[in-house]
Colleague: 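If you scroll down you'll find the structure; I have some questions about it.
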Amino acid sequence: MSCPDCFGGHVHQGTPRGEVASLHGLQVYTTKPPNDVPYRGIIIIVPDAFGWEFVNSRILADNYAEKGKYLVYLPEFMKGHAAPVNMMSSTKELLKTRGLATWLMKPYYLVSTMTKVLPFKYYNTFEASWPLVRDFFKSVRENEGAELPIYGAGFCWGGKHIVNLAAGVDTASNRKPLLDAGFTGHPSALEIPSNIEKIRIPVSFALGDKDMVLKPPQIEHIKQVFASASGAGKGEVVVYAGAGHGFCVRADLVQDDANKQADEAEDQALAWFEKY
């Protein structure tokens, strides 16, 4: 999670239409198909560094619910320690390279950025968050999702959790796997290829060829694992030309290409869930 793009990007305009409720010990943003349309399954989102309250993630949850006819949960897995959204502006300023004033202000923006990055990294290690994520999926499988398919969508920070769930090691008390299929957009902190080789439940990857976290050689490793005899049928990789880290959730929607790629990644996830 040391890549600047993990904490940069754009805030989207819109008003989430879901509700916040307590579920299995966590606060959860919950959204359903509009007009009381029956839902066909459950999607649980494990978000990026900006957490469950980030408007972009809530709008994405609404889109999944409306377009795919799913019940969607976006839980608070970070215990109040998500990266603040205003961090995007300081990260953007830190990455600028033109003008004397820009260079004179870099120490200020560096300090501003680090005072927000370090608490996030300290409180949200994989070891600390994994039990919360696993137990929430388990509780949903044993209750709301006992007779429904459960899908997981993870972005950046949340991507590794989906890949770990897809190893299929943990099951619910009803002996069912914790998810039926997974999707991850620009995941971070993966160990390549070992994490990919452990996948047993199908996962779809949406990756950008300009990603600073998963670079082209690592993307090729993932493709090779899925193309091997042992990995066949366990995943797919879709690479978006020109896309960088964060494009699924934090793309600049004013730019046509970025808008198109974010929409295509959204459709990619829904098509993958439909397949399973």
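Below, each value reflects all heavy atoms present in this structure, side chains not excepted, and no hydrogens, waters or symmetry copies.
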Colleague: Say whether, by atom type as modelled, one donor and one acceptor occur between the side chain of Arg141 and the main chain of Pro177 under 3.5 angstrom.
Modeller: yes
Colleague: Using the rule that Ile, Leu, Val, Met, Phe, Trp and Tyr join whenever any side-chain heavy atoms are under 4.5 Å apart, tell me whether Met78 and Leu132 fall into a single cluster.
Modeller: yes
Colleague: Kindly give the heavy-atom pair with the smallest separation between Ile192 and Ile196, and that separation in Å.
Modeller: CD1-CG1, 3.9 Å
Colleague: Hey, is NZ on Lys234 packed in by over 12 heavy atoms from elsewhere, all under 6.0 Å?
Modeller: yes
Colleague: Could you report the tightest heavy-atom contact between Pro16 and Tyr29, atom names first, then the distance?
Modeller: CB-OH, 3.2 Å
Colleague: I'd like to know if the side chain of Lys32 reaches the main chain of Ala65, judged simply by a donor and an acceptor atom lying under 3.5 Å from each other, with no hydrogens or angles considered.
Modeller: no
Colleague: Examine His81 together with Phe120 and report whether their ring centres are nearer than 6.0 Å.
Modeller: no
Colleague: In this structure, are over 12 heavy atoms from other groups packed under 6.0 Å from Asn174 atom CG?
Modeller: yes
Colleague: Please find out if less than 6.0 Å separates the ring center of His161 from that of Phe77.
Modeller: no
Colleague: So among Gln261, Gln268, His186, which one has a side chain to side chain donor-acceptor pair (under 3.5 Å) with Tyr240?
Modeller: Gln268
Colleague: Which heavy atom of Leu178 sits nearest to which heavy atom of Ala172, and what is that distance?
Modeller: CD2-N, 3.6 Å
Colleague: With no hydrogens and no angle check, is any side-chain donor or acceptor of Ser57 less than 3.5 Å from a backbone partner on Pro47?
Modeller: no
Colleague: Between Thr30 and Glu19, do the side chains contain a donor N or O and an acceptor N or O under 3.5 Å apart?
Modeller: no
Colleague: Are Arg250 and Asp48 within salt-bridge range, i.e. N to O under 4.0 Å?
Modeller: yes
Colleague: Backbone N or O of Gly242 within a donor-acceptor pair of the Asp209 side chain at under 3.5 Å?
Modeller: yes
Colleague: Less than 6.0 angstrom separating the ring centers of Tyr151 and Phe183, yes or no?
Modeller: no
Colleague: According to salt bridge (Lys or Arg N to Asp or Glu O under 4.0 Å), does anything in residues 53-71 pair up with another residue at least two apart or in another chain? List the pairs.
Modeller: Lys67-Glu266, Lys67-Asp267
Colleague: With a 4.0 Å cut-off on N to O distance, would you call Arg40 and Glu274 a salt bridge?
Modeller: yes
Colleague: Should the ring pair Phe50 and Phe54 be called parallel, tilted or perpendicular, given that the plane angle runs from 0 to 90° and is split at 30 and 60?
Modeller: tilted
Colleague: Does the Lys NZ or Arg CZ of Lys79 fall within the cation-pi geometry relative to Tyr123 - under 6.0 Å from the ring centre and within 45° of the axis?
Modeller: no
Colleague: Which of parallel (below 30°), tilted (30 to 60°) and perpendicular (above 60°) describes Phe273 and Tyr70?
Modeller: perpendicular
Colleague: Where is the tightest heavy-atom contact between His245 and Cys156, given as atom of each residue plus distance?
Modeller: NE2-SG, 2.9 Å
Colleague: Can you tell whether the side chains of Lys275 and Asp180 come within less than 4.0 Å, N to carboxylate O?
Modeller: no
Colleague: So which atom in Glu144 and which in Ser139 form the shortest heavy-atom distance, rounded to 0.1 Å?
Modeller: OE1-O, 4.0 Å
Colleague: Short question: side chain of Asn164, backbone of Lys160 - any donor-acceptor pair under 3.5 Å?
Modeller: no
Colleague: Look at the aromatic rings of Phe205 and Phe226 and report parallel, tilted or perpendicular, splitting at 30° and 60°.
Modeller: tilted
Colleague: Write down the atom of Ile45, the atom of Pro75, and the distance for their closest heavy-atom approach.
Modeller: O-CD, 3.3 Å
